[in-house]
Amino acid sequence: MLKSSLVRLAALLIASAWPLSLSAQSPQISTGMEAAVERAGELENLRSLIVSHQGRVVSERAFKGASLERPTNIKSASKTIISALVGIAIEQGVFKGVDQPVAEILASNIPSDADERVKQITIGHLLSMRAGLERTSGRNYGSWVSSGNWIRYVLTRDFVDEPGGRMLYSTGSTHLLSAALTRASKRSTLELARDWLGEPLEIQVPPWTRDPQGIFLGGNEMALSPRALLRFGEMYRQGGMIDGKRVLPENWVKESWEQRTSSPFTGDGYGYGWFIREMRGHQVYYAWGFGGQMIYVAPSLNMTVVMTSDSTEPSREDNYIGQLHALVADAIIPALLPKQEEATGSL
């Protein structure tokens with residue numbers, strides 16, 4: 001009697017285990033998702049795919065020897081992580097708000113002959129890539145990281161637009177945020193990431209690249225596992241909550257997803273560390289790192305998708321980023337939608 005009861009209990013536990021396998025889903029989701037995974041496997045650079053719907057993993061797969069648990073370089077998707085830290089810093093009073101001039105915090109790094117407009121650059125300008133300073137990404141990245149003082153280098157670039165002007169995507173802007181977090185809190189960005197995100201999300205945050213002054217690089221080279229990225233994305237999907245715990249202020253999620261500018265490369269909207277585009281009639285917010293390190297969050301679909309890719313191959317070559325967007329819009333979302341809600345893709 002006891003043995004049979006234990007067997008039944010074990011069967012119940014296995015049936016309710018998280019994440020669910022494809023076979024445990026409805027036939028519609030299962031069939032559609034199997035097709036989506038098959039399509040994903042045809043992408044040469046893709047290394048992992050996790051799809052979560054209504055808080056449950058409906059599909060997860062690692063490709064070409066990759067791991068869902070092993071940290072991988074998420075490249076510029078780390079800009080989205082820094083944005084989350086800024087939101088918590090404002091909530092805790094470390095920063096005064098998005099309108100605070102960053103010069104108040106980094107004054108010692110500003111030369112006396114610097115352009116006066118440096119004093120107008122706010123935390124919000126840096127988050128939305130509207131500092132006005134010449135970019136330190138793309139062809140300018142190498143000379144920036146070869147300099148002896150990354151913060152001073154960024155702050156002494158020529159102004160190519162006014163603070164608050166058009167989007168000028170620049171890793172240097174996010175690095176200023178990392179430096180400001182460190183100076184204002186008197187703690188390293190790594191410590192803050194582990195304390196404010198790693199612990200409540202129950203994820204590992206390994207050390208990453210630092211500048212010559214010891215400031216952890218803001219906006220590149222951070223390593224997180226695909227499952228860690230899923231936890232982060234799910235936290236945003238749930239308005240800053242995870243497992244019933246408040247991690248991020250709910251208003252910060254809303255502010256981060258409010259379009260402040262648009263990308264000159266794709267035309268997609270951009271908020272505070274998140275890109276914005278429409279897919280099949282639904283607003284989708286996504287983090288994007290070089291090579292195709294992606295987090296997609298669609299609150300109206302209760303969907304979070306994580307993808308990691310070969311970080312040595314650019315995602316804009318051969319329109320690989322377009323293929324990733326299409327995988328979500330034309331394969332994953334239809335697999336989650338009731339048949340009558342399917343609409344034409346937005347790509």
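Quick note: numbers below take in every heavy atom, side chains included, and nothing from hydrogens, waters or symmetry partners. Numbering starts at 1 and runs along the sequence shown.
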Derivation and outcome, salt bridge (charged side-chain N to carboxylate O under 4.0 Å, His left out), residues Arg231 and Asp243: CA-CA 10 Å; Arg231 292 281 287 177; Asp243 300 334; 2.8 Å; yes

Under the salt bridge (charged side-chain N to carboxylate O under 4.0 Å, His left out) rule, collect the residues that match up with Arg260, sequence neighbours excluded. Glu258

Other residues, nucleotides and ligands only: do more than 12 of their heavy atoms fall within 6.0 Å of CZ on Arg194? yes

When clusters are formed by joining ILVMFWY residues with side-chain heavy atoms under 4.5 Å apart, either directly or through shared neighbours, do Ile110 and Val102 land in the same one? yes

Taken in chain and number order and not counting sequence neighbours, the residues that satisfy side chain to side chain donor-acceptor pair (under 3.5 Å) with Glu134 are none

What are the two closest non-hydrogen atoms of Pro200 and Lys245, and how far apart are they? O-NZ, 3.1 Å

Does the side chain of Ile151 reach to within under 4.5 Å of the side chain of Asp211, using non-hydrogen atoms? yes

Reported CD1-to-CZ distance for the pair Ile88 and Arg246, which is rounded to 0.5 angstrom: 11.0 Å

Cationic N near anionic O, under 4.0 Å, Glu221 to Lys75: yes

Quick one: are Thr209 and Asn220 in side-chain contact, heavy atoms under 4.5 Å? no

Could you pull out all donor-acceptor pairs under 3.5 Å where a side-chain atom in residues 289-297 meets a protein atom, sequence neighbours excluded?
| unit_1 | atom_1 | unit_2 | atom_2 | d |
| --- | --- | --- | --- | --- |
| Gln293 | OE1 | Ser309 | N | 2.9 |
| Gln293 | NE2 | Phe290 | O | 3.0 |
| Gln293 | NE2 | Ser309 | O | 3.2 |
| Tyr296 | OH | His325 | ND1 | 2.9 |

Under the ring pair (Phe, Tyr, Trp, His ring centres under 6.0 Å) rule, collect the residues that match up with Trp208, sequence neighbours excluded. Phe216

Take Asp161 and Arg130 through the salt bridge (charged side-chain N to carboxylate O under 4.0 Å, His left out) test and state the conclusion after the steps. CA-CA 8 Å; Asp161 201 348; Arg130 296 181 299 147; over 6 Å; no

Could you check Tyr272 against Trp257 for ring pair (Phe, Tyr, Trp, His ring centres under 6.0 Å), going step by step and ending with a plain yes or no? CA-CA 7 Å; Tyr272 288 159; Trp257 286 348; over 10 Å; no

Are Val118 and Leu168 connected in the hydrophobic side-chain network, where two residues link if heavy atoms are under 4.5 Å apart? no

According to the side chain to side chain donor-acceptor pair (under 3.5 Å) rule, which pairs have a member within residues 146-155, sequence neighbours left out? Ser143-Tyr153

Stepwise salt bridge (charged side-chain N to carboxylate O under 4.0 Å, His left out) test for Glu104 and Lys119: CA-CA 8 Å; Glu104 289 183 4; Lys119 297 177 182 177; over 6 Å; no

For Ser67, check side chain to side chain contact (heavy atoms under 4.5 Å, CB included) against everything at least two apart and list the hits. Glu69, Arg70

Step through the shown structure and confirm whether more than 12 heavy atoms of other residues, nucleotides or ligands are within 6.0 Å of CD on Gln259. yes

Decide yes or no on side-chain hydrogen bond (donor to acceptor under 3.5 Å, both in side chains) for Ser128 and Thr261, but give the supporting numbers first. CA-CA 7 Å; Ser128 57; Thr261 185; over 6 Å; no

Over all heavy atoms of both residues, which pair between Ile332 and Ala36 is shortest? Give the atoms and the distance, please. CG1-CB, 4.0 Å

For Arg183, give me all partners under side chain to side chain donor-acceptor pair (under 3.5 Å), at least two apart in sequence or on another chain. Asn109

Which residues pass the ring pair (Phe, Tyr, Trp, His ring centres under 6.0 Å) test with Phe275, not counting sequence neighbours? Tyr270, Tyr286, Trp288

So, taking the atom named OG in Ser263 and the one named CE in Met167, what distance separates them when rounded to the nearest 0.5 Å? 5.0 Å

Close side-chain approach of Leu336 to His53, heavy-atom, < 4.5 Å: yes

Set of side chain to side chain contact (heavy atoms under 4.5 Å, CB included) partners for Ala84, sequence neighbours left out: Leu197, Phe232, Tyr236, Leu248

Could you walk me through whether Gln323 and Leu43 satisfy the side chain to side chain contact (heavy atoms under 4.5 Å, CB included) test, starting with their C-alpha distance in whole Å, then the side-chain angles of each, then the deciding distance to 0.1 Å, before giving a yes or no? CA-CA 8 Å; Gln323 295 177 60; Leu43 298 175; 3.1 Å; yes

Can you list the residues that meet the side chain to side chain contact (heavy atoms under 4.5 Å, CB included) rule with Glu234, with sequence neighbours excluded? Ser52, Leu230, Arg237, Gln238, Ile242, Thr304

Taken in chain and number order and not counting sequence neighbours, the residues that satisfy side chain to side chain donor-acceptor pair (under 3.5 Å) with Ser178 are Thr189

If you group Ile, Leu, Val, Met, Phe, Trp and Tyr by side-chain heavy-atom gaps below 4.5 Å, do Met241 and Leu229 land in one group? no

In short, Val284 meets Ala298 closest at the heavy-atom pair CG2-CB, 4.0 Å

Does atom NZ of Lys64 have more than 12 heavy-atom neighbours, drawn from other residues, nucleotides or ligands, at distances under 6.0 Å? yes

Restricting to side chain to side chain contact (heavy atoms under 4.5 Å, CB included), what partner residues turn up for Ala107, sequence neighbours left out? none

